Amino acid sequence: MAGLTFDWLAAVNEQSEKNNWPEGLLNKQQSAIEVLKNWQAPNRKSEYWRYSDAGRLKKDSLGHEWVAVPEPEETSVVISLTEQGVQSPSHVPDWLEIKPVHAVDQPDWSALKATPELVVQASNEALFSHGVALSVASGAPKNATIVLRYAADEPNQWTYVRNIISLEAGAEITVDEQVVAGRINVNNFYQIADGAHLKRHQQVVLAADQQHVALHHFSLHNEAQVTSQNRHEGGDLQHHVHWVDFLGEQAEYKAGSINKATNSTHISDIVMVNHQHKNNRSEVIHRSLADDSGQVFNNAKAVVVKHADGSEIDQDLKNILLSEDAKIASKPEMEVYADEVIAAHGSTIGTLDEEAVFYLQSRGIPADTARDMMMVSFEQEALIC
Amino acid sequence: MLEIKNIHAKAGDKDILKNLNLTVKPGEVHAIMGPNGSGKSTLGNLLAGMPHVQATEGSVSFKGKDLLELEPEERAGEGVFLAFQYPVEIPGVNNMYFLRTAYNAQRKYRGQDGIDSAGFMRMVKDKIKQLHMKDDLLKRPVNVGFSGGEKKRNEVFQMAVLEPTLAILDETDSGLDIDALKIVADGVNQLRSEDRSFIIITHYQRLLDYIEPDYVHVLADGEIVKSGTKKLALELEEQGYGWLDV
């Protein structure tokens, strides 16, 4: 690989804690580095990076300003992930088990095996130094919330974090992911057992010169359910991939994303859903806005393998350009090899509805407020939980 | 209150209003009738400040101010209200929030203090009761999922809350069944006062059975070609516009 990973490798935080890691995991990391050597660095020829400037990943000075994130509610289980490691609560409820991520078997799934398009996310496998493995029991109260707060102090070096979140059969939990500070590259593996329900909120609201890279992999077993709400706003670069594998039947993945790029923000929001079994349902709703010279890339792809009949897919991508220099690329995509599938997809790119803005103005609402109200209105359809 | 002099206006690239003159005094109700494409809605949109309608000649004075120089929200602050022919749907913004934002924005424009949510709630509940409308209207997103009649009633409700001094109703009667028409007309009649004026744009005389106009004007090819009393509307109902040679 032409340089990029090794720029990161040179910049990565001290990883002395790896001295205690099992040899098998260290070998795995070394193997990952060997694979990455042969992969091309992200560039415009890559589908996932065609509409985003990968060169920004190498910026060496990002600044110290952060957007304030509200403190979590006291009833939540709060886990902070910093460049120093993991800070877990002193009291852990009996429905939750927390272990260091290196202390558990790594998931079979790997970004390295999936596609070279995931090179940036896959570098996490070679470079991660810490993270948590959470196991949620079926006895978790329905309103239970786990908050994962990414809060690294070092603004320039990348911090690689890897988490495994497992829901036992029938468990129901809310996981809030919040970026508080830091240049984070995170891989999260959500393993949702039979009949379990994950409600997930991801909030990545960044100050103008910050960056964030994420891969979220969801494995859904029979009748599992994921409801995922994402808000990606601002920053220099945001690159999100949501990868979904249906491993059983009668499961549902539903995601709503709000992407807002201002100034010169580049946001990529990529969803890949693999319908490998029958009778599963996926619904992806994106609402994206780009202002100034901001850029957004939306890609929702679903692959339905042969014999995965009864699959249902809905992709709904709507986008608004707020300035002449803003750019949005929006791509719903389906590969269907099964015979009986219900599928719908749509993508629109337009400007703010000026007639609606005038309607609000005609009632006395100033133009700026009217536009803000219209943007809130536009986002609503992607608010699913 | 309103003096339109020799106004010419374009909607987009098309010349629509040509030498239109109209004077409306406080408390008067003027009905504007006319064939399709004559410029009735363009007149309403011009007065409210719709961006794609531009005056090319003439003047519009409202309470002594040059109305055409004002932004749409400033016109609303001055007391101009347009009940839309096709009210716009705004998902995710409920009627109550929308109306309170509008109400307080207008008060701010006039140099008055805003009203808190509890006080506003009391006020709108009274209004909605007076208008014999259902208060679930307040919780619903603006015009989303509303029937055609509900949208028009919502326009009248907004008018009742915002208490304009000049209300322009652009074909508010179109698409209404007879019961809805009565509710809308009743709402307008409740709002009639000696310092509030109305311009009622309509195709049909039937609305004027319920809202008694002081003047009826026929607009044809961008100008007022005939004015009269309610009797003129009855003649138009019977004979159409052909006899006016428009």
Side-chain angles (χ1 to χ4, degrees), chain A residues 201 227 229-231 233 254-260 283-289 314 316-324 346-385, chain B residues 44-53 70-95 97-110 112 114 141-144 151 154-155 157-159 161-164 166-168 170:
Chain A
H201 302 131
T227 314
Q229 179 72 63
N230 310 298
R231 176 175 287 275
E233 191 174 333
K254 184 173 182 181
S257 275
I258 296 165
N259 299 305
K260 291 172 87 171
E283 181 177 356
V284 176
I285 304 166
H286 285 194
R287 293 292 178 268
S288 301
L289 299 122
D314 195 351
D316 173 11
L317 315 179
K318 289 184 184 165
N319 306 279
I320 288 182
L321 291 165
L322 296 167
S323 74
E324 287 187 0
S347 172
T348 61
I349 302 178
T351 55
L352 214 53
D353 181 351
E354 288 302 326
E355 191 184 345
V357 172
F358 169 64
Y359 185 76
L360 297 175
Q361 284 182 276
S362 77
R363 300 303 184 245
I365 297 170
D368 286 351
T369 309
R371 286 173 191 279
D372 288 347
M373 285 174 80
M374 288 309 301
M375 285 190 261
V376 169
S377 165
F378 176 71
E379 292 172 9
Q380 293 296 311
E381 291 172 340
L383 293 179
I384 57 166
C385 66
Chain B
N45 291 334
L46 175 76
L47 296 176
M50 184 177 268
H52 84 275
V53 177
L70 301 178
E71 295 296 321
E73 60 269 32
E74 293 172 325
R75 299 180 196 203
E78 292 292 339
V80 175
F81 178 93
L82 172 66
F84 280 51
Q85 184 176 359
Y86 303 109
V88 176
E89 295 185 7
I90 306 176
V93 177
N94 78 43
N95 241 343
Y97 172 73
F98 157 63
L99 264 178
R100 191 158 82 89
T101 305
Y103 186 83
N104 281 338
Q106 290 199 16
R107 286 182 67 86
K108 187 177 176 187
Y109 176 82
R110 296 175 196 134
Q112 299 165 323
V142 181
N143 294 324
V144 177
K151 285 181 180 174
N154 194 25
E155 294 292 282
F157 170 62
Q158 290 174 29
M159 183 170 69
V161 171
L162 297 173
E163 297 184 331
L166 173 65
I168 305 150
D170 187 4

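The sequence lines fix the lettering, A, B, ..., with proteins before strands; numbering per chain opens at 1. Remember, it's a predicted structure, so these values are computed and weren't measured experimentally. Only heavy atoms go into these numbers, but all of them, side chains included; no hydrogens, no water, no symmetry mates.
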* Asked: side-chain contact (heavy atoms from CB on, under 4.5 Å) between A:Thr227 and A:Gln229: does it pass, once the steps are laid out?
  -> CA-CA 7 Å; A:Thr227 314; A:Gln229 179 72 63; over 6 Å; no

* Asked: Taking B:Val93, B:Leu162, B:Val142, B:Val88 one by one, which has the highest count of heavy-atom pairs under 4.5 Å against chain A?
  -> B:Val88

* Top contributor to chain A interface from B:Ala76, B:Pro72, B:Gly92 [non-hydrogen pairs under 4.5 Å] -> B:Pro72

* Describe, in one word, how the ring planes of B:Phe84 and A:Phe358 are oriented to each other, choosing from parallel (under 30°), tilted (30 to 60°) and perpendicular (over 60°). => tilted

* Least distance between heavy atoms, B:Gly44 atom then B:Ile168 atom -> CA-CG2, 4.0 Å

Would you mind writing out the side-chain donor-acceptor pairs for residues 372-385 of chain A within the sub-3.5 Å range, not counting sequence neighbours?
residue, atom, partner, partner atom, Å
A:Ser377, OG, B:Pro91, O, 2.5
A:Glu379, OE1, A:Arg231, NH2, 3.2
A:Glu379, OE2, A:Lys260, NZ, 3.0
A:Gln380, NE2, A:Val376, O, 3.4
A:Glu381, OE1, A:Arg287, NE, 2.9
A:Glu381, OE1, A:Arg287, NH2, 2.9

* Structure fact -> Of A:Asn259, A:Asn319, A:Ile320, the one forming a side-chain contact (heavy atoms from CB on, under 4.5 Å) with A:Leu289 is A:Ile320

* Could you tell me which portion of B:Gln158 (side chain, backbone, both or neither) has an atom closer than 4.5 angstrom to a non-hydrogen atom of chain A? => side chain

* To do: Verify the neighbour count for atom CD of A:Glu324: are there more than 12 heavy atoms of other residues, nucleotides or ligands below 6.0 Å?
  => no

* Asked: Where does B:Asn94 contact chain A at under 4.5 Å (heavy atoms): side chain, backbone, both or neither?
  -> neither

* Proximity breakdown for B:Val80 and chain A, heavy-atom pairs closer than 4.5 Å -> backbone

* Taking every heavy-atom pair that is under 4.5 Å apart, which of B:Thr101, B:Leu99, B:Asn104 has the most such pairs with chain A? -> B:Thr101

* At a heavy-atom separation under 4.5 Å, does B:Pro164 approach chain A through its side chain, its backbone, both, or neither? -> neither

* Over all atoms of both residues, closest heavy-atom pair of B:Leu82 and B:Asn45 -> CD2-OD1, 3.5 Å

* Measure B:Ile90 against the heavy atoms of chain A and call it side chain, backbone, both or neither at under 4.5 Å. => both

* Structure fact -> When the 4.5 angstrom heavy-atom criterion is applied to A:Ala370 and chain B, the contacting part is neither

